[in-house]
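A note on names: the letters A, B, ... follow the listed sequences, proteins ahead of strands, and every chain is numbered from 1.
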Amino acid sequence: MSSKIPRAFYFRSTLRVAKDLLGQLVVRKYRGRRLVGRIVEVEAYRGSIDPASHAYRGRTKRNEVMFWEGGHLYVYFTYGMHFCANVVTREAGIAEAVLIRGVEPVVGLDVMERLRGKNISTFDLTNGPAKFCKAFGIKRKQNGVSLLGNEIYLAHGRRVVQSRIGVSTRVGIRSGIEKRWRFFEKGNRWVSKQKRWQL
DNA sequence: TAGTTGATCGTCT
DNA sequence: GACGATCAACTAA
């Protein structure tokens with residue numbers, strides 16, 4: 001089917017990686033099942049130069065994984081109930097990462113629906129960072145896993161052409177709001193915080 | 001359709 | 001002791 005994305009992909013500039021992640025596939029092995037989603041919305045967070053980043057004030061127990069070399073998954077717990085997942089970029093010691101905010105479900109929809117619970121429509125399954133984690137069974141235990149392994153990895157998908165990529169400020173932050181580091185596929189139904197009239 | 005609010009707890013100040 | 005890279009349920013109109 002599709003091949004695993006190599007380490008070198010993650011060792012480039014974080015903004016470049018963020019844009020290139022659109023259209024790529026997230027593959028998750030979950031209890032003998034394979035879940036696949038196509039990435040349609042991301043946000044870049046850049047350690048020491050970005051006040052909105054968890055790593056802005058240096059290394060702590062929580063943000064530890066952001067300082068690892070590119071190609072790892074940084075999962076954090078927030079609002080007392082949600083998990084969000086980031087793809088760590090660049091070489092070890094530079095704390096930058098890309099938050100996965102929205103994916104289009106491709107394989108394993110039945111499992112995703114079960115993990116999300118209740119009667120969730122297909123369009124609400126994975127259109128948000130915490131929704132994606134819940135639908136893909138990503139929790140504290142997955143913090144720090146290597147994306148070059150088999151539990152969770154990224155694979156080459158159909159790239160999103162430049163003209164279809166939307167750019168905006170990031171969602172849900174207070175500092176660093178002037179930076180336009182959110183990238184998404186225009187018009188895709190699984191982009192979060194999108195109004196009906198924008199589709 | 002837009003705006004508000006409660007849920008809930010680990011992390012850092 | 002405050003608050004957060006969120007979500008879903010609710011209210012108003």
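Rounded to an integer number of Å, the gap from A:Arg140 CZ to B:dT8 C1' is 13 Å.
When heavy atoms are screened at a 4.0 angstrom cut-off, A:Ala130 is found touching the sugar-phosphate backbone but no base atom. Within 4.0 Å of A:Ser192, counting heavy atoms only, lies no atom of the nucleic acid at all. Using a 4.0 Å heavy-atom cutoff across all strands shown, A:Leu99 reaches at least one base atom of the nucleic acid. As judged by a 4.0 angstrom heavy-atom cut-off over every strand, A:Arg182 is placed among residues making no nucleic acid contact.
For A:Asp124 and A:Val171, each mapped to the nucleotide of DNA chain C holding its nearest heavy atom, the one lying further toward the 5' end belongs to A:Val171. When the nearest nucleotides of DNA chain C are assigned to A:Arg116 and A:Ala55 by heavy-atom distance, the more 5′-ward of the two goes with A:Ala55.
Remark: A:Arg90 pairs with no residue by the side chain to side chain donor-acceptor pair (under 3.5 Å) rule, at least two apart or across chains. For A:Ser175, there are no side chain to side chain donor-acceptor pair (under 3.5 Å) partners, not counting sequence neighbours. For the salt bridge (Lys or Arg N to Asp or Glu O under 4.0 Å) test, no residue two or more places apart in sequence or in another chain qualifies with A:Arg116. By the salt bridge (Lys or Arg N to Asp or Glu O under 4.0 Å) test, A:Glu185 pairs with A:Arg38, sequence neighbours left out. Legend: residues meeting side chain to side chain donor-acceptor pair (under 3.5 Å) with A:Glu64, ordered by chain and number and at least two apart, are A:Arg59, A:Trp68. For A:Tyr10, there are no side chain to side chain donor-acceptor pair (under 3.5 Å) partners two or more places apart in sequence or in a different chain. Under the rule for a salt bridge (Lys or Arg N to Asp or Glu O under 4.0 Å), A:Arg164 has no partner lying at least two apart in sequence or in another chain.
Comparing the P positions of C:dA5 and B:dG3 gives an interatomic distance of 22 Å, to the nearest angstrom.
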What donor-acceptor contacts under 3.5 angstrom involve side-chain atoms of residues 134-142 of chain A, with partners at least two apart or in another chain?
unit_1: A:Gln142; atom_1: OE1; unit_2: A:Lys139; atom_2: N; d: 2.9
unit_1: A:Gln142; atom_1: NE2; unit_2: A:Glu151; atom_2: OE2; d: 2.9

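Shown for residues 62-85 of chain A: residues whose heavy atoms fall under 4.0 angstrom of DNA chain B, namely A:Arg62, A:Phe77, A:Tyr79, A:Gly80, A:Met81.
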Applying the Watson-Crick and G-U criteria (both distances under 3.5 angstrom) with [ ] for crossing and | for other-strand pairs, one obtains for DNA chain C ||||.|||||||.
Please step through side-chain contact (heavy atoms from CB on, under 4.5 Å) for the pair A:Val87 and A:Tyr74, ending with a clear verdict. CA-CA 6 Å; A:Val87 169; A:Tyr74 166 50; over 6 Å; no
Go through it in stages, so that I can follow the logic: the residues are A:Asp20 and A:Arg16, the test is salt bridge (charged side-chain N to carboxylate O under 4.0 Å, His left out), and I'd like the CA-CA distance, side-chain angles, deciding distance and then a yes or no. CA-CA 6 Å; A:Asp20 287 351; A:Arg16 185 73 253 162; 3.1 Å; yes
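Mapping heavy-atom proximity under 4.0 Å, the span of DNA chain C touched by chain A runs 5' to 3' from C:dG4 to C:dA9.
For residues 14-41 of chain A, no residue pair satisfies the ring-ring contact (aromatic ring centres under 6.0 Å, His included) rule, not counting sequence neighbours.
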